[in-house]
Amino acid sequence: MALLDIKELHATIDEDDGAKAILKGIDLTIRPGEVHAVMGPNGAGKSTLSNVIAGRPGYTVTQGSVTYDGADLLEMEADERARAGLFLAFQYPVEIPGVATATFLKTAINARRKAAGEPEIEALDFLKLMKSTSKRLGVPEDMLKRPVNVGFSGGEKKRVEVLQMAMLEPRLCVLDETDSGLDIDALKVVADGVNALRAPDRGMLVITHYQRLLDYIVPDVVHVLADGRIVKTGDKTLAQELEAKGYAEFTGAAA
Amino acid sequence: MAATQDTVDRIAEVSGAYKYGFVTDIESDKAPKGLNEDIIRFISAKKAEPEWMLAWRLKAYRHWLTMTEPSWQKVVYPPIDYQDAYYYAAPKSDDDRPKSLDEVDPELLRTYEKLGIPLKEQEMLAGVAVDAVFDSVSVATTYKKKLEQMGVIFCPISEAAQRFPELVQKYLGSVVPYSDNFFATLNSAVFTDGSFVYVPKGLRCPMELSTYFRINEQNTGQFERTLIIADEGSYVSYLEGCTAPQRDDNQLHAAVVELVAMDDAEIKYSTVQNWYPGDETGKGGIYNFVTKRGACRGRNSKIMWTQVETGSAVTWKYPSCILQGDNSSGEFYSVAITNNAQQADTGTKMIHIGKNTRSRIISKGISAGRADQTYRGLVKVMPKATGARNFTQCDSLLIGDRCGAHTVPYIENRCPSAQVEHEATTSRISEDQLFYCLQRGIPEEDAVALIVNGFCKEVLQTLPMEFAVEAQKLVGISLEGSVG
Ligand SMILES: Nc1ncnc2c1ncn2[C@@H]1O[C@H](COP(=O)(O)OP(=O)(O)OP(=O)(O)O)[C@@H](O)[C@H]1O
Ligand SMILES: [Mg+2]
């Protein structure tokens, strides 16, 4: 069974003066174990797609369906989706002043456990998990005592997104431009972190503008998203092609 | 109260196992409704007070008759008929109390559960008949004995008036004079009980003093009077209130708290108050009109107020510091949460009189539902307070779009070398923050609690550990149903 099955998905953004169509018929199927990359020009609807999958308010699905692990994803609340194993690494991670990153993570882990009828994580186990994960992703432990994303540099925010992802062990990872803002060394560390999460029962949707990330996280499938539609699908060589030729071909077609 | 469970446990460890006991029935008459000199004489006689104290009460009462109820504060409530209230009532007899938790409002019990309050304490809080309830007397007695050995006096103020009349007479009304304001004057006339604390010279009191350990304190809630004196070089931390919602038959609460810090002394006064706010429309909620003031009388003395206010239908409260001694400092840390129809007008006053006096004000106001909240603060620097400094940070957080927050800072600086700084912000919980939490699997109500706790962190971390943990939970519970 597919992990994520998107069919004919149309979605609009709610605006003061009506709705604006952004997604105009997306079909995308991710099976367990697969890594799909989505590339495409600015404003094509990549973040919108990830937001709609994650259940962010402000969007309306006007047509189509999204099935996650056999369930109707669009019927679930955003927090339910997350607890069901869906993780979104944000393009722009949000600051939460006064809430230590470690506290935030512990709250997230315990929310899952509670929903699953399990007891809260032992303080010691949590500490161990946090230590090993932060070491692996090159995040100084002190940083996790700081409030969520407050004063983090662009690159630090992205690293911590992946750290959160690693600690929450999702089944479907959606990474929205996790590579932007990372320096070359960080890119490698983060990619290693993501690769470590590749598993037979886990799927990934990696949104990026750069072929370079896909040298590290080698995708099974590459899609080109332009003007709200997937206009081309191929293997990893498609990414190299795009790097060389740009999107002119697709934006022209879409216009 | 549950906040001090740790302390109870710790002391129980020291003193061996809990003993169970029965409180004697202190059945006594109730004064008739209304307020007049006879009622005041009756109260004074009941407490076997010295002559001067009755005279002081009567002076206050006569002055009160000449006063009018204040109306400048930004709260609205129906007129109070002061003649239609009881000013002295004996503790409730067991016949009038619920026999078990089965007879208690399930809504209240649900909240207790969420706060993690042990069953026995739930019974106590809900006012279940005493003989059915765990008795804290033996623990409290041990605790008091330890304090006495160190020379700390901690007892009901009525007891202090008999045992230490010269101390009480010297300091009572020395910070909040009987003529201070309408509610404080009323309190001076009719107060029924409260705490008295005296910490001798040079002693750092190692235990937190908590209202929890005051024996026979039932029914003092309405007009409570507290007096704390920290003698030279001493330190004391005092905890008032509890996180569990408390109900009271008396709608009007007008307490007075006076603190006196001598040279090099420090008083830390923490309050977590969660009086019944009434139903969603505010009906049945408590009016909490409190006068709290500390005098930093000595050089290098320090007074720190921390308050977490989540309860009451109407709150009117300005814990203040009079910085008389040179180099003395006053601090005020406040979290006030208003939800549904609650109203609060709260803040502080810092009066700089001595040289190089410092004050720091950190106020965090959270409004949700249709609630309305005002921060009202005064920083006054007298001409001789050279080198005085104040810093005020006043942050409001709004949840939803039907609530209000107002900031009214008064600054009166009459000393050119003084520095007064004021910063204020108003913000909302952003959709982005909420969604970020939801996307991590955190349910909406928990997300709000988390974000609001983050907002209040600077204040909550000034609370003693055991109180802080409970206060965090309380923040979440007070905001339940405020989103979505
Ligand atoms: N809140 C909003 N209100 C109005 N329009 C919006 C809003 N959010 C996004 N859009 C518009 O929707 C379109 C798709 O945006 P989206 O963020 O999904 O693009 P993207 O493919 O992720 O682009 P990028 O590569 O720059 O991140 C853009 O035209 C954008 O301006
Ligand atoms: Mg984007």
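First the proteins, then the strands, lettered A, B, ... as listed; each starts at 1.
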Exercise. At their closest point, which heavy atom of Pro443(B) faces which heavy atom of Asp79(A), and how far apart are they?
Worked result: CA-OD2, 3.3 Å

For this session: State, to 0.1 Å, how close Phe435(B) and Pro57(A) come at their nearest heavy-atom pair, and which atoms those are.
Result: CD1-CD, 3.9 Å

For this session: Tabulate, in ascending numerical order, the residues of residues 147-176 of chain A having at least one heavy atom closer than 4.5 Å to a heavy atom of chain B, or enter 'none'.
Result: Val148(A), Asn149(A), Glu161(A), Gln164(A), Leu168(A)

For this session: Can you check whether anything in residues 105-143 of chain A gets within less than 4.5 Å of chain B, heavy-atom wise, and list it by number?
Result: Thr107(A), Ala108(A), Ala111(A), Arg112(A)

Exercise. Which of the residues Gln433(B), Glu431(B), Gln439(B) is involved in the greatest number of heavy-atom pairs with chain A at under 4.5 angstrom?
Worked result: Gln439(B)

Exercise. Of the backbone (N, CA, C, O) and the side chain (C-beta and beyond), which part of Asp432(B) lies under 4.5 Å from a heavy atom of chain A, both, or neither?
Worked result: both

Problem set entry | Residue part contacting chain A, namely of Cys437(B), when any heavy atom lies under 4.5 Å | both

Exercise. For Ser396(B), what residues pass the side-chain hydrogen bond (donor to acceptor under 3.5 Å, both in side chains) criterion, not counting sequence neighbours?
Worked result: none

For this session: Sort Arg81(A) into side chain, backbone, both or neither according to what part of it lies under 4.5 angstrom from a heavy atom of chain B.
Result: neither

Exercise. Do any of residues 86-96 of chain A have a heavy atom less than 4.5 Å from a heavy atom of chain B, and if so, which, in residue order?
Worked result: Leu86(A), Phe87(A), Leu88(A), Phe90(A), Pro93(A), Val94(A), Glu95(A), Ile96(A)

Exercise. Counting heavy atoms not belonging to Asp17(A), are there more than 12 under 6.0 Å from its CG?
Worked result: yes

Exercise. Using non-hydrogen atoms only, which part of Tyr436(B) is less than 4.5 Å away from chain A: side chain, backbone, both, or neither?
Worked result: both

For this session: Using a cut-off of 6.0 Å, state whether more than 12 heavy atoms not belonging to Arg389(B) lie near its atom CZ.
Result: no

